[in-house]
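From a predicted model like this one, the values you see are computed outputs, not experimental measurements. Computed over heavy atoms, backbone and side chain alike; hydrogens, waters and symmetry mates excluded. Order of the sequence lines fixes the chain letters, A, B, ..., with proteins taken first and strands second; residue numbering starts at 1 for each chain.
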There are 4 protein chains.
Amino acid sequence: MTGVANPKRLPRAVREQQMLDAAVRVFADRGYHGASMDEVAELAGVSKPMVYLYLGSKEDLFGACIRREAARLMERITSAVHDAATIECRLVSGFEAFFGYVAEHKDSWNVLYHRARALGPPFADEVDRARHDIIDAVTGLVDQRGASAGEAGALSHALVGAADALAEWASRTGEPATVTTARLMNLVWIGIERQIDGASWRPASS
Amino acid sequence: MTGVANPKRLPRAVREQQMLDAAVRVFADRGYHGASMDEVAELAGVSKPMVYLYLGSKEDLFGACIRREAARLMERITSAVHDAATIECRLVSGFEAFFGYVAEHKDSWNVLYHRARALGPPFADEVDRARHDIIDAVTGLVDQRGASAGEAGALSHALVGAADALAEWASRTGEPATVTTARLMNLVWIGIERQIDGASWRPASS
Amino acid sequence: MTGVANPKRLPRAVREQQMLDAAVRVFADRGYHGASMDEVAELAGVSKPMVYLYLGSKEDLFGACIRREAARLMERITSAVHDAATIECRLVSGFEAFFGYVAEHKDSWNVLYHRARALGPPFADEVDRARHDIIDAVTGLVDQRGASAGEAGALSHALVGAADALAEWASRTGEPATVTTARLMNLVWIGIERQIDGASWRPASS
Amino acid sequence: MTGVANPKRLPRAVREQQMLDAAVRVFADRGYHGASMDEVAELAGVSKPMVYLYLGSKEDLFGACIRREAARLMERITSAVHDAATIECRLVSGFEAFFGYVAEHKDSWNVLYHRARALGPPFADEVDRARHDIIDAVTGLVDQRGASAGEAGALSHALVGAADALAEWASRTGEPATVTTARLMNLVWIGIERQIDGASWRPASS
DNA sequence: GATGAATGAGAATTCATTCAT
DNA sequence: CATGAATGAATTCTCATTCAT
């Protein structure tokens with residue numbers, strides 16, 4: 001009975017991280033509504049009141065998960081992009097980091113992308129903020145020169161959408177991040193380049 | 001009380017459609033777990049037992065929504081693509097139809113795309129089938145000639161992902177389907193063309 | 001659609017019997033609370049309102065079942081006992097008739113004995129009346145001469161109880177009514193005889 | 001409101017017994033299907049979630065009742081029989097204990113005997129096990145010497161059936177257990193004795 | 001005579017959340 | 001610091017019962 005596996009009396013910061021780990025896992029598996037605080041507490045190895053004491057309500061807990069995971073993803077991408085020279089290299093590095101992250105942290109991505117998106121008003125803000133941080137980062141990659149705001153915004157949305165779908169594909173086929181990155185670059189790089197140069201596709205019919 | 005003022009004693013087929021309309025709306029707004037059968041019934045202007053009698057369990061009801069909405073979207077795309085001559089034209093028509101549909105039937109798209117994806121085993125099949133019908137249609141557009149199966153699959157996943165993200169963007173900015181289509185073609189058409197021709201992007205560094 | 005199997009427009013008396021047949025079956029299978037009017041109606045091949053129109057509420061329907069089946073059992077026993085000469089013969093004939101009935105009409109016995117007994121106040125009367133008709137008949141068999149009322153009552157209760165338990169035993173082993181009857185007579189006949197003669201068992205210890 | 005005025009925050013073991021007490025009472029009064037978890041909780045003086053937390057589903061709860069009550073009855077009979085010397089004494093002690101138990105714990109007997117019997121597959125096992133423990137005990141009393149298995153089985157079924165019916169009779173007339181026991185011995189002892197000795201009743205007619 | 005359409009009421013079960021210790 | 005005990009409020013689903021045709 002007396003603490004073999006779970007040392008009691010851990011410092012607060014550690015316990016909080018354990019709880020968040022558990023929460024991310026449960027939210028990823030069941031979605032926000034499907035998750036129960038009971039399960040989170042059990043998986044974290046603490047009693048429910050502890051969860052409430054440390055992280056607040058279910059809503060708060062979900063928010064905390066989103067923020068922590070989004071920050072982790074951002075950091076991974078940012079540091080990957082950091083010391084690449086050309087736009088092309090930045091994109092490649094960024095995509096590779098992204099695909100790598102998704103492959104290595106399925107739960108994290110699951111919560112962020114699948115579970116959190118479009119979850120009624122109380123969460124929309126939190127999630128949108130997180131998602132926009134990422135899209136903005138991509139916009140930053142592409143929009144080094146003067147594409148108009150609208151253009152770059154749409155472009156990065158499309159890129160992130162495509163990347164997301166490919167991440168899923170990659171997680172099913174198990175292909176390495178570099179290959180998936182190549183597929184994506186294959187599809188979009190020339191388009192991006194031309195867009196940066198100001199050229200654009202015209203309907204063939206006209 | 002909130003439902004439309006309905007004449008009583010409608011024939012079954014009519015009531016079923018009303019219920020499905022309501023269900024799509026509610027599932028779109030709240031997600032599967034967040035939706036309550038009470039709300040569906042109220043919005044449909046009937047009592048709960050009618051919903052259970054006609055459409056079965058919540059799970060069944062959700063499945064019925066998915067199937068109906070997926071069929072509608074597919075029909076719209078299929079008929080748009082039908083009489084276009086070149087691959088390029090087909091893509092343009094297909095995207096326009098898609099963006100048009102998403103713009104005009106927000107709830108439908110919401111259920112199909114945001115709410116239904118990644119919803120545990122009981123639904124995975126139904127949803128996956130619907131989603132794959134669409135992706136297969138896109139694959140069919142692109143893969144008229146001999147891109148290898150894997151290539152085409154990844155490509156169409158990426159295209160659908162990009163289109164989805166742009167649809168969201170468009171729904172926020174309110175731009176017409178033709179403009180969004182142009183943005184997307186701008187980004188990907190050359191890449192597609194080259195891929196059809198067998199050329200591909202190479203990492204610049206090597 | 002138009003009546004191949006179930007001729008429509010049957011005379012009321014026939015329909016009522018069909019419904020009662022169905023009801024006995026369903027009540028036997030599921031018990032009073034577990035049975036649903038839907039199932040009864042379906043099994044009877046009519047719509048629910050017909051059941052209500054002809055037999056009244058669920059409670060009424062159950063009562064009607066009890067009465068009909070109890071009457072059938074009583075008639076079987078009564079006519080078997082009718083032309084036996086001695087008390088012993090009457091008992092044997094009565095038990096054989098009883099065991100035979102239980103073996104041949106499982107549902108009927110099930111409803112009467114298992115499902116109906118001890119079913120809260122609304123039914124207690126109906127069921128008790130039916131059960132007492134049978135016990136009274138047994139009392140009549142045994143009490144031809146002057147056992148005091150109390151004695152005979154207790155005796156016949158015990159006999160019916162034993163017979164009931166043996167009926168169940170017989171229905172499991174499938175042994176013929178005559179054998180089961182012999183078992184029972186084996187156990188109780190001498191005791192009955194002595195009781196009729198006024199002799200009685202005395203505790204051995206005194 | 002109806003429950004006993006309970007001090008709050010009782011230890012689990014205590015609360016569980018209170019809940020079982022209430023459940024036995026309610027199941028006895030209404031039968032399995034007729035009983036509602038609401039009523040059980042109210043009578044136990046706790047909220048429904050506590051019942052589910054401690055005892056599980058309605059089915060589980062019913063099973064727990066059956067097990068507890070069957071064990072109590074068995075213990076009473078076993079300890080009564082324990083130090084009687086002859087078969088006759090054992091039977092007398094056993095019956096007295098049984099009639100005493102039924103008289104003193106009406107609800108318990110009601111659940112065990114009337115409510116639980118013949119209750120569809122999910123319960124059949126539990127109930128049958130409990131019931132057979134009792135019948136086996138009786139078989140053990142009677143079958144000290146070599147009555148064949150079938151014989152002894154039928155005999156003990158019949159005895160338990162008779163005892164049950166007499167218990168009911170006794171509970172109506174209020175007569176003491178010793179008197180009811182005498183009635184039963186009066187009826188069956190000679191039959192049992194002869195059966196032990198291998199003699200048996202023969203149809204008078206042959 | 002017969003039924004499809006419809007519902008009010010209540011069932012089991014679960015969950016987020018909070019005290020008292 | 002930490003938890004076992006406890007619950008109000010929903011949620012899904014079913015059922016007996018009745019109209020309108």
Nearest to side-chain heavy atoms of B/L10, which nucleotide of E/dA6, E/dA2, F/dA6: E/dA6
dist B/H105:NE2 -> B/N110:CG (nearest 0.5 Å) comes out at 13.5 Å
For B/D107, which residues count as a side-chain hydrogen bond (donor to acceptor under 3.5 Å, both in side chains) partner, sequence neighbours excluded? none
Phosphate contact (E/dA2 OP1 or OP2) by C/R15 side-chain N/O below 4.0 Å: yes
Over all strands shown, is B/R12 touching base, sugar-phosphate only, or nothing at heavy-atom distances under 4.0 angstrom? sugar-phosphate
Is any side-chain N or O of D/Y54 closer than 4.0 Å to OP1 or OP2 of F/dA6? yes
Sorted by chain and number, sequence neighbours left out, side-chain contact (heavy atoms from CB on, under 4.5 Å) with C/L43 holds for C/A22, C/R25, C/V26
End axis versus end axis in the helix from E/dA2-F/dT21 to E/dT21-F/dA2, the angle rounded to 10°, five pairs used at each terminus: 20°
How close or far is atom C1' of E/dC15 from atom CG of A/L61, stated in whole angstroms? 15 Å
Grab the CG-C1' distance between D/L55 and F/dA5 for me, whole Å please. 15 Å
Which nucleotides of nucleotides 16-21 of chain E have their base under 4.0 Å from a protein heavy atom (B), which only their sugar-phosphate (S), and which neither (-), written as one string 5' to 3'? SBBBS-
Applying side-chain hydrogen bond (donor to acceptor under 3.5 Å, both in side chains) to D/W109 and not counting sequence neighbours gives D/D164
Listed partners of B/K48 passing salt bridge (Lys or Arg N to Asp or Glu O under 4.0 Å), at least two apart: B/D38
Residues at least two apart in sequence or cross-chain that pass salt bridge (Lys or Arg N to Asp or Glu O under 4.0 Å) with C/D60, listed by chain then number, are none
In chain order, what residues pass the side-chain contact (heavy atoms from CB on, under 4.5 Å) check against C/Y52, with sequence neighbours excluded? C/M37
side-chain hydrogen bond (donor to acceptor under 3.5 Å, both in side chains) partners of B/R68, counting only residues at least two apart: B/Q17, B/D21
For D/M50 and E/dA12, what is the distance between atoms CE and P respectively, to the nearest whole Å? 18 Å
Please state how far atom CG in D/L53 lies from atom C1' in F/dA5, giving the value in whole angstrom units. 9 Å
